[in-house]
Amino acid sequence: MSGQTSRQVVAHMVYFTLKDASPAAQQKLVDDCYRYLKGAPGIVYFAVGTRVPDLTRGVNVQDFQIGLHVVFESRKAHDDYQTSEPHLQFIAENKHNWTQVRVFDCNAS
């Protein structure tokens with residue numbers, strides 16, 4: 001296919017809807033993403049933040065508070081991340097405040 005590189009990266013996007021959506025709770029989740037997830041091996045791009053509240057076009061999804069975007073250098077790096085101790089600890093420490101978590105994974109080049 002045109003535009004493909006020899007290295008197929010995996011884009012991992014996660015959207016969190018929180019039970020407690022207070023500014024403090026949102027900041028805690030953002031901080032924990034940085035603390036537990038940012039340093040994983042194989043990450044080529046990492047970003048996390050809160051939804052922009054005034055972007056309200058008809059196509060803008062509004063039912064989440066935090067978006068996490070991680071691009072991995074390979075499928076193996078993604079799979080290793082999923083079972084890593086920091087990732088599992090992040091889940092254990094934060095899942096009590098999640099009403100919904102949506103994950104979108106796709107190949108990227």
Side-chain angles (χ1 to χ4, degrees):
M1 278 187 238
S2 178
Q4 277 191 321
T5 64
S6 60
R7 182 181 75 160
Q8 190 70 48
V9 301
V10 174
H12 178 68
M13 283 106 12
V14 185
Y15 297 91
F16 298 92
T17 305
L18 306 179
K19 293 176 187 174
D20 172 5
S22 67
Q26 291 183 46
Q27 188 61 53
K28 179 192 180 308
L29 187 60
V30 168
D31 291 346
D32 282 354
C33 285
Y34 279 108
R35 180 177 333 145
Y36 292 109
L37 307 177
K38 186 175 186 207
I43 290 178
V44 296
Y45 177 79
F46 181 95
V48 62
T50 57
R51 180 177 54 82
V52 180
D54 63 339
L55 288 178
T56 58
R57 297 178 309 135
V59 297
N60 287 92
V61 176
Q62 300 289 311
D63 64 351
F64 72 98
Q65 287 80 38
I66 306 297
L68 170 67
H69 306 273
V70 184
V71 177
F72 294 96
E73 66 187 8
S74 66
R75 172 66 186 265
K76 180 179 182 339
H78 168 273
D79 293 350
D80 290 347
Y81 163 88
Q82 292 300 327
T83 59
S84 70
E85 186 56 37
H87 183 250
L88 297 176
Q89 188 171 357
F90 167 79
I91 293 169
E93 290 188 19
N94 288 284
K95 68 180 178 181
H96 70 278
N97 194 33
W98 301 337
T99 59
Q100 183 179 38
V101 177
R102 287 169 292 167
V103 177
F104 300 85
D105 292 319
C106 59
N107 292 316
S109 57

Student: Looking at every heavy atom in both Ala11 and Ala108, which two are closest together, and how far apart are they?
Tutor: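 So the minimum-distance heavy-atom pair works out to CB-CB, 4.4 Å.
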
Student: Tell me every residue that passes ring pair (Phe, Tyr, Trp, His ring centres under 6.0 Å) with Tyr45, counting only those two or more places apart in sequence or in another chain.
Tutor: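 Per chain and number, Tyr45 pairs via ring pair (Phe, Tyr, Trp, His ring centres under 6.0 Å) with no residue.
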
Student: Could you pull out the closest heavy-atom pair between Arg51 and Val61, with the gap in Å?
Tutor: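 Heavy atoms only, the tightest pair is CD-O, 3.7 Å.
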
Student: Please check if the number of heavy atoms outside Arg102 that lie under 6.0 Å from its CZ is greater than 12.
Tutor: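 Counting neighbours around CZ of Arg102, more than 12 heavy atoms of other residues, nucleotides or ligands fall under 6.0 Å, so yes.
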
Student: Ring-plane angle category for His78 and His12, please: parallel below 30°, perpendicular beyond 60°, tilted otherwise.
Tutor: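 The arrangement is perpendicular - the two ring planes meet at more than 60°.
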
Student: So does Lys19 have more than 12 non-hydrogen atoms from other groups sitting under 6.0 Å from NZ?
Tutor: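 More than 12 heavy atoms, drawn from other residues, nucleotides or ligands, come within 6.0 Å of this atom.
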
Student: Mind checking whether Gln65 and Thr50 have side chains closer than 4.5 Å, heavy atoms only?
Tutor: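 Not touching, per the 4.5 Å side-chain cut-off.
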
Student: I'd like to know if the side chain of Thr17 and the backbone of Thr99 have a donor-acceptor N/O pair within less than 3.5 Å.
Tutor: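 No, the answer is negative, given that no donor and acceptor are paired below the 3.5 Å cut-off.
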
Student: Quick one, Cys106 and Met13 - any side-chain contact, counting heavy atoms below 4.5 Å?
Tutor: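 Cys106 vs Met13: side chains touch.
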
Student: According to salt bridge (Lys or Arg N to Asp or Glu O under 4.0 Å), who are the partners of Asp54, at least two apart in sequence or on a separate chain?
Tutor: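 Listed in chain order: nothing, the list is empty.
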
Student: Which is it for Ile66 and Gln26 under the side chain to side chain contact (heavy atoms under 4.5 Å, CB included) test, yes or no, and what are the steps along the way?
Tutor: CA-CA 7 Å; Ile66 306 297; Gln26 291 183 46; 3.9 Å; yes

Student: Could you pull out the closest heavy-atom pair between Pro86 and Tyr36, with the gap in Å?
Tutor: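 It is CB-O, 3.1 Å.
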
Student: Should Val103 and Leu88 be counted in the same cluster of Ile, Leu, Val, Met, Phe, Trp and Tyr side chains packed under 4.5 Å apart?
Tutor: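 Unlinked, Val103 and Leu88 end up in two clusters.
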
Student: Is Leu18 reachable from Val30 through a run of I, L, V, M, F, W or Y residues, each pair having side-chain heavy atoms under 4.5 Å apart?
Tutor: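 Yes: a chain of side-chain contacts under 4.5 Å links Val30 to Leu18.
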
Student: Same cluster or not: are Phe46 and Phe72 linked, directly or through other Ile, Leu, Val, Met, Phe, Trp or Tyr residues, by side-chain heavy atoms under 4.5 angstrom apart?
Tutor: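 Hydrophobic grouping puts Phe46 with Phe72.
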
Student: Within the 4.5 Å heavy-atom criterion, are Asp32 and Lys28 side-chain neighbours or not?
Tutor: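 The answer is yes, as the side chains (C-beta and beyond) meet within the 4.5 Å cut-off.
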
Student: List the residues meeting salt bridge (Lys or Arg N to Asp or Glu O under 4.0 Å) with Lys76, not counting sequence neighbours, and say none if there are none.
Tutor: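 Here the qualifying residues are Asp80.
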
Student: What I want to check is whether the side chains of Gln8 and Arg75 have a donor and an acceptor closer together than 3.5 Å.
Tutor: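 No pair is found: no donor N or O on one side chain lies under 3.5 Å from an acceptor on the other.
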
Student: Nearest heavy-atom pair of Cys33 and Val48: which atoms, and what distance?
Tutor: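 In this case the closest contact between Cys33 and Val48 is SG-CG2, 3.8 Å.
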
Student: At what distance, to the nearest 0.5 angstrom, does CD1 of Ile91 lie from NE2 of His96?
Tutor: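 So the gap between those two atoms works out to 14.0 Å.
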
Student: Where do Glu93 and Gln89 land on the side-chain hydrogen bond (donor to acceptor under 3.5 Å, both in side chains) test, with the steps shown first?
Tutor: CA-CA 6 Å; Glu93 290 188 19; Gln89 188 171 357; 3.0 Å; yes

Student: Any side-chain heavy atom of Asp63 within less than 4.5 Å of one from Tyr15?
Tutor: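 Result no, sub-4.5 Å side-chain heavy-atom pair not found.
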
Student: My understanding is that only residues two or more places apart in sequence, or in another chain, count here; which of them pass ring pair (Phe, Tyr, Trp, His ring centres under 6.0 Å) with Phe16?
Tutor: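 Only Trp98 meet the ring pair (Phe, Tyr, Trp, His ring centres under 6.0 Å) criterion with Phe16.
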
Student: Please enumerate all residues that pass side-chain hydrogen bond (donor to acceptor under 3.5 Å, both in side chains) together with Gln27, with sequence neighbours excluded.
Tutor: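 side-chain hydrogen bond (donor to acceptor under 3.5 Å, both in side chains) list for Gln27, sorted by chain: Asp31.
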
Student: Do the side chains of Phe90 and Val14 join up, straight or via other hydrophobic residues, at under 4.5 Å, putting them in one cluster?
Tutor: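 In one cluster: yes.
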
Student: Test of understanding: with side-chain hydrogen bond (donor to acceptor under 3.5 Å, both in side chains), list the residues that count as partners of Gln100, not counting sequence neighbours.
Tutor: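 In terms of side-chain hydrogen bond (donor to acceptor under 3.5 Å, both in side chains), with neighbours along the sequence ignored, Gln100 is linked to no residue.
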
Student: Between the main-chain N or O of Ala47 and the side-chain N or O of His69, is there a donor-acceptor pair closer than 3.5 Å?
Tutor: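 No, the answer is negative, given that no donor and acceptor are paired below the 3.5 Å cut-off.
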
Student: What pair of heavy atoms forms the shortest contact from Ser74 to Ala77, and how long is it?
Tutor: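 Scanning both residues completely, I find the closest heavy atoms to be OG-N, 3.1 Å.
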
Student: Considering only heavy atoms from C-beta outward, does the side chain of Leu37 approach that of Val70 to under 4.5 Å?
Tutor: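 A side-chain contact is absent here, since even the closest heavy-atom pair is not under 4.5 Å.
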
Student: In the structure I gave you, are the side-chain heavy atoms of Asn97 and Leu29 within less than 4.5 Å of one another anywhere?
Tutor: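 Contact flag for Asn97/Leu29 side chains = no.
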
